[in-house]
> 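I have a structure here, written as structure tokens, and I will follow up with some questions on it.
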Amino acid sequence: MNANNGIISQFSPYSVTETIDRLETILQAKGIAIFARIDQQAEAEKVGLSLRPTQFLLFGNPKAGTPLMVAEPTIALDLPLKVLAWEAADGKVWLSYNDPNYLKQRFSLSDELVKNIAVIAPLINQIL
């Protein structure tokens, strides 16, 4: 796991599509809402541009996120949670997301509140 500018990126042994599919499956099984899935490669192709496989998933649980937004309304800029699966130039696939500790510092969240978003790391580890 590498942290860079508050972003954690982990290697995925799966394709971009399969990585996001696996995450979607586990989120659905846990009753976590999926708000959007964006195939950014397909969107680029629509306007005649080329992009390596890149998919974005926006998800969350209002029971977990709402208390964070009550405490610090601007955290809504980073909620719901987001995960990006992308293929690097060498063909390796990575899964990137905001480090909950970075969000804790950025928004001065209490330890208790940060637990509401720290669930992302175990979810990622389950699918990889």
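Residue numbers run from 1 in the order of the sequence given.
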> With clusters built from Ile, Leu, Val, Met, Phe, Trp and Tyr whose side-chain heavy atoms come within less than 4.5 Å, directly or transitively, what are the remaining members of the cluster of Val16, listed by chain and number?
Val93

> Going by salt bridge (Lys or Arg N to Asp or Glu O under 4.0 Å), name the pairs with one or both residues in residues 55-65, residues two or more places apart or in two chains.
none

> Do the non-hydrogen side-chain atoms of Gln55 and Thr17 ever get within less than 4.5 Å of each other?
yes

> State the CD1-CG distance between Ile7 and Asn5, to the nearest 0.5 angstrom.
6.0 Å

> With a 4.5 Å cut-off on side-chain heavy atoms, are Ile34 and Leu57 touching?
yes

> Using side-chain contact (heavy atoms from CB on, under 4.5 Å) as the criterion, list what pairs up with Pro13, not counting sequence neighbours.
Phe11, Leu128

> What salt bridge (Lys or Arg N to Asp or Glu O under 4.0 Å) pairs are there with at least one residue in residues 118-128, not counting sequence neighbours?
none

> According to side-chain hydrogen bond (donor to acceptor under 3.5 Å, both in side chains), who are the partners of Tyr102, at least two apart in sequence or on a separate chain?
none

> Not counting sequence neighbours, which residues clear salt bridge (charged side-chain N to carboxylate O under 4.0 Å, His left out) with Lys115? List them please.
Glu112

> Between Pro67 and Asn116, is any pair of side-chain heavy atoms under 4.5 Å apart?
yes

> Distance from Leu109 atom CG to Ile117 atom CD1, nearest 0.5 Å?
6.0 Å

> Can you sort out the partners of Pro62 under side-chain contact (heavy atoms from CB on, under 4.5 Å), two or more places apart, ordered by chain and number?
Thr66

> Enter the distance from Ile8:CD1 to Ile124:CD1 here, rounded to the nearest 0.5 Å.
9.5 Å

> Return the set of residues passing salt bridge (charged side-chain N to carboxylate O under 4.0 Å, His left out) with Asp111 (not counting sequence neighbours), or none when no residue passes.
Lys104

> Which atom pairs, donor and acceptor, lie under 3.5 Å between side-chain atoms of residues 24-33 and protein residues at least two apart or in another chain?
| residue | atom | partner | partner atom | Å |
| --- | --- | --- | --- | --- |
| Glu24 | OE1 | Arg37 | NH1 | 2.6 |
| Thr25 | OG1 | Asp21 | O | 3.0 |

> Could you give the distance from CG (Leu103) to OH (Tyr97), rounded to the nearest 0.5 Å?
11.5 Å

> Could you list the residues that satisfy side-chain contact (heavy atoms from CB on, under 4.5 Å) with Glu18, not counting sequence neighbours?
Tyr14, Ser15, Arg22

> Sequence neighbours excluded and cut-off under 3.5 Å, please list the side-chain donor-acceptor pairs for residues 42-53, or say none.
| residue | atom | partner | partner atom | Å |
| --- | --- | --- | --- | --- |
| Glu43 | OE2 | Lys46 | NZ | 3.0 |

> Under 3.5 Å, sequence neighbours excluded: what are the donor-acceptor pairs made by side chains of residues 68-88?
| residue | atom | partner | partner atom | Å |
| --- | --- | --- | --- | --- |
| Glu72 | OE2 | Thr74 | OG1 | 2.8 |
| Asp78 | OD2 | Arg106 | NH1 | 2.6 |
| Lys82 | NZ | Asp78 | O | 3.1 |
| Lys82 | NZ | Pro80 | O | 3.0 |
| Trp86 | NE1 | Ser96 | OG | 2.8 |

> What are the two closest heavy atoms between Pro100 and Ile120, and how far apart are they?
CG-CG2, 3.8 Å

